[in-house]
2 protein chains.
Amino acid sequence: MLSLTDSEKKILDAAKKVFEKQGYTGARMQHIADEAGISKASLHYYFRSKENLFERIFDETMSDFMELVSTWSDEKEHWEEKLRNFIHQFFDFLKTKSLLFILGEINRNPDLLLSRRKKSKPKAKFISYFENLQEAGKLKSSNMYVVYIFMHSLCAYPVLNAGLFQMTTGMNNHDFEVFMKNYPDTVADLLINALKRGLN
Amino acid sequence: MLSLTDSEKKILDAAKKVFEKQGYTGARMQHIADEAGISKASLHYYFRSKENLFERIFDETMSDFMELVSTWSDEKEHWEEKLRNFIHQFFDFLKTKSLLFILGEINRNPDLLLSRRKKSKPKAKFISYFENLQEAGKLKSSNMYVVYIFMHSLCAYPVLNAGLFQMTTGMNNHDFEVFMKNYPDTVADLLINALKRGLN
DNA sequence: AATTGGTTTGACCAAATGGTCAGCAAAAGT
DNA sequence: ACTTTTGCTGACCATTTGGTCAAACCAATT
């Protein structure tokens with residue numbers, strides 16, 4: 001766990017901001033340097049290349065995500081509350097946009113995942129958690145792959161396209177904020193209901 | 001309704017392909033020319049600039065999308081079948097990726113929508129259709145903005161991240177194809193059920 | 001055969017972009 | 001005080017990229 005200097009943090013924050021908004025190919029090193037308030041040469045002094053900078057952000061984000069996903073291991077809470085809590089945390093994490101950024105890049109270049117594939121498969125924990133409940137008779141029969149994809153879609157897409165949804169629905173800022181604030185619970189309610197009812 | 005020459009069609013297809021995969025900034029004119037089997041100079045002969053080429057694709061895709069959305073006007077079918085049919089059509093349209101591409105670009109540059117905003121608001125038709133049913137007492141009370149966003153998310157995100165989902169769930173090609181084939185009905189079932197039950 | 005109009009391209013250009021480097025400034029040792 | 005290490009930058013470089021253009025090509029028309 002190597003600690004970062006202030007300059008490195010400042011640069012990484014700036015880089016995240018620019019990468020997330022412009023994508024990898026759209027991001028400009030000069031723009032990142034400006035955002036961090038340093039020269040382009042300094043930027044290269046700290047992170048040799050654009051690709052290197054990207055890798056740092058990629059690994060950092062992936063690591064944070066894995067940590068979030070790992071919460072599906074401990075079995076203390078009731079599954080309903082566990083799911084609701086996870087959705088809230090997942091939603092907060094998505095709002096930082098960094099996960100959506102790297103998922104977009106993986107989409108363009110799947111090798112990013114294949115080459116760095118850690119042993120951890122994010123789906124395994126979620127799906128096996130609910131499949132276990134199901135086999136124990138505590139849940140109606142459902143295709144847990146569907147539940148997994150539903151949850152991801154319902155959480156990620158509205159964050160990804162928040163601006164677009166606000167425009168196309170014509171909501172004003174206040175209404176939209178209220179909407180987004182309640183949204184995680186709305187998703188949780190739907191999924192809990194679907195799991196109780198059974199889903200295929 | 002101006003007809004396109006073979007060359008123009010060939011170029012537009014190639015451009016869509018490259019734009020959809022690489023994004024606007026990532027797409028290279030040379031790459032598009034190669035994909036169309038012509039020289040870069042020829043590409044510029046037909047479509048003066050990269051931006052011009054993008055605008056053509058943008059407008060064409062938006063137009064197709066508006067046509068799809070307009071089906072919420074005629075009131076012949078029962079709402080359940082209407083919704084199910086729409087989801088199937090929407091899903092097929094999404095699979096061409098062109099809509100997802102332009103939505104992504106709008107996300108990066110909202111002016112794209114603001115400047116070309118046609119009077120037609122895509123949300124209006126969907127939402128007012130179901131709000132009318134609701135007021136007529138044929139549906140439990142629901143926040144139709146939620147339903148609208150749920151439908152979009154459930155349809156779009158799995159198409160956008162199909163490759164990623166296949167990898168992270170570890171499904172093989174065959175299983176995944178079957179899954180995707182059944183998926184639109186799964187979404188339809190969920191939304192119909194939610195609408196019957198009421199959703200907030 | 002010659003002319004005309006549209007089509008195609010290799011060669012080229014200017015600007016943008018990722019990256020390097022010698023050198024300066026400011027701490028940090030000694 | 002001096003040397004050394006570290007942080008930082010302006011100027012510069014090589015390559016990429018969108019875009020241009022004169023010349024060649026090719027069918028249809030005269």
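Proteins come first, then strands; the chains are lettered A, B, ... in the order of their sequence lines, and each starts at number 1.
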Measure centre to centre between the rings of B/F19 and B/Y24, then say whether the value is under 6.0 Å. yes
Assign the ring pair B/F165 / A/H152 to parallel, tilted or perpendicular, where the plane angle (0 to 90°) is split at 30° and 60°. perpendicular
Whole-Å distance, A/M29 CE to C/dG19 P, equals 6 Å
Within the pair A/Y45 and C/dC21, is there a side-chain N or O less than 4.0 Å away from OP1 or OP2? no
How close or far is atom C1' of C/dG6 from atom CG of B/D6, stated in whole angstroms? 15 Å
Please determine if a side-chain N or O atom of A/R28 lies less than 4.0 Å away from the OP1 or OP2 oxygen of C/dG18. yes
Looking at A/S42, I'd like to know whether one of its side-chain N or O atoms comes within less than 4.0 Å of OP1 or OP2 on D/dC8. no
Could you give the CG-to-C1' distance, from B/L53 to D/dT17, as a whole number of Å? 15 Å
How many whole angstroms separate atom OH of B/Y24 from atom P of D/dG18? 9 Å
Could you tell me whether the side chain of B/K40 has a donor or acceptor atom within less than 3.5 Å of a complementary atom in the base of D/dG19? yes
For A/E8 and D/dT6, what is the distance between atoms CD and P respectively, to the nearest whole Å? 14 Å
Write down the distance between CD1 (A/I38) and P (C/dG19), rounded to a whole number of angstrom. 14 Å
Whole-Å distance between C/dA16 P and B/K50 NZ? 14 Å
Is it true that B/K95 and B/D92 make a salt bridge, defined as a side-chain N closer than 4.0 Å to a carboxylate O? yes
Output yes when at least one side-chain N/O atom of B/S49 is less than 4.0 Å from OP1 or OP2 of D/dT20, else no. no
Go nucleotide by nucleotide along DNA chain C from the 5' end; which of B/T5 and B/A41 gets its closest nucleotide reached first? B/T5
For residues B/F150 and A/Y183, establish whether the separation of their ring centroids is below 6.0 Å. yes
Length of the NE2-C1' vector between A/H44 and C/dG19, whole Å: 5 Å
Across the strands shown, which category fits A/A33 at heavy-atom distances under 4.0 angstrom: base, sugar-phosphate, nothing? nothing
B/K16 to B/F101, cation-pi by 6.0 Å centre distance and 45° axis angle: no
